[in-house]
Amino acid sequence: MLTRLWRPELGLALVVLGLGVFVVVGTLDVSAAASTLGIGPRFFPMLVGGSMIVVGVCYVADVLRGGHGDPEEGEDVDADAPADWRAVLLMGGIFLAFTAVLEYLGWVISAGLLFWGVAVVLGAEHKVRAAIVALALGVVTYLLFVEVLGVSLPSGVF
């Protein structure tokens with residue numbers, strides 16, 4: 001009976017529900033003064049966490065009533081092809097290297113190396129162009145976070 005109920009869709013539904021609970025419970029510890037509009041720093045995390053709980057509960061109910069995911073119908077997708085574990089491991093290594101050098105090199109250089117490395121692993125044909133675009137993305141994301149959102153990112157060597 002239990003093996004008949006257990007499907008991958010149910011696992012995903014439980015993960016969404018669990019993450020929603022995790023976000024809401026983690027947000028309860030946040031304490032800061034509310035802004036003049038009455039919206040404090042807990043508003044958006046609670047909104048996202050509550051939404052995840054609602055979606056997770058609905059998804060669990062749907063799966064338990066027999067709902068299932070639709071099969072992939074993309075024309076360039078081969079559902080029988082094996083996973084490209086080399087690419088997955090390389091991207092994991094690139095991300096770990098990014099986290100290791102972030103404090104030393106700063107966001108712009110580290111993010112540029114991250115974006116460039118992922119582009120190369122995923123098959124970028126023009127590596128120099130990929131490096132230029134990756135560096136531009138690093139600069140743009142740094143400026144957006146620091147100047148627009150007011151979030152401090154490591155500046156590193158700059």
Side-chain angles (χ1 to χ4, degrees), residues 1-103 107-108 110-124 133-134 137-154:
M1 174 77 179
L2 183 61
T3 57
R4 191 171 65 108
L5 285 177
W6 183 255
R7 295 193 318 251
E9 292 94 347
L10 184 59
L12 179 61
L14 292 173
V15 166
V16 170
L17 180 62
L19 285 174
V21 170
F22 178 76
V23 168
V24 168
V25 170
T27 304
L28 294 176
D29 291 338
V30 174
S31 63
S35 70
T36 57
L37 299 175
I39 296 177
R42 295 187 335 177
F43 177 75
F44 286 107
M46 289 296 266
L47 181 69
V48 170
S51 299
M52 289 178 71
I53 290 172
V54 170
V55 168
V57 167
C58 291
Y59 195 16
V60 167
D62 179 56
V63 171
L64 291 178
R65 288 188 307 188
H68 57 83
D70 294 329
E72 177 63 45
E73 295 179 4
E75 60 186 62
D76 63 345
V77 175
D78 182 8
D80 297 326
D84 185 3
W85 289 108
R86 179 184 172 274
V88 171
L89 293 173
L90 282 172
M91 285 193 287
I94 290 169
F95 184 75
L96 288 175
F98 164 75
T99 59
V101 301
L102 179 60
E103 287 294 324
W107 176 263
V108 173
S110 299
L113 290 171
L114 170 72
F115 299 148
W116 179 76
V118 170
V120 169
V121 168
L122 292 178
V133 170
L137 280 173
V139 169
V140 168
T141 55
Y142 181 82
L143 292 175
L144 282 174
F145 275 93
V146 172
E147 299 297 327
V148 177
L149 298 176
V151 176
S152 65
L153 294 174

State, with a plain yes or no, whether a side-chain heavy atom of M52 is found less than 4.5 Å away from one of L17. no
Flag side-chain contact, heavy atom, 4.5 Å: V148 against L143: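 Sidechains of L143 and V148: no contact.
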Write down the atom of [X], the atom of [Y], and the distance for their closest heavy-atom approach.
X	Y	result
G138	A111	CA-CB, 4.2 Å
L153	V146	N-CG2, 4.1 Å
F98	S110	CD1-O, 3.4 Å
G50	V24	N-CG2, 3.7 Å
T27	P45	OG1-CB, 3.3 Å

Measure the spacing between OH of Y59 and CG of L64 and express it to the nearest 0.5 Å.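 Answer for the OH-CG pair, Y59 versus L64, is 11.5 Å.
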Side chain to side chain contact (heavy atoms under 4.5 Å, CB included) partners for [X], two or more places apart:
X	answer
V133	R129, L137
V108	L135, V139, Y142, F158
A87	D84, V121
V54	C58

Strictly by salt bridge (Lys or Arg N to Asp or Glu O under 4.0 Å), give each pair with a member in residues 9-19 just once, sequence neighbours left out.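 Every salt bridge (Lys or Arg N to Asp or Glu O under 4.0 Å) pair that includes a residue of residues 9-19, provided the two are not neighbours, is R7-E9.
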The single option from L113, L89, L114 passing side chain to side chain contact (heavy atoms under 4.5 Å, CB included) against I94: L114
Using the side-chain hydrogen bond (donor to acceptor under 3.5 Å, both in side chains) criterion, which residues pair with T141? Sequence neighbours excluded.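 Scan of T141 (side-chain hydrogen bond (donor to acceptor under 3.5 Å, both in side chains), adjacent residues dropped) gives W107.
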Under the side chain to side chain contact (heavy atoms under 4.5 Å, CB included) criterion, do L10 and V60 qualify, and how do the steps go? CA-CA 6 Å; L10 184 59; V60 167; 4.2 Å; yes
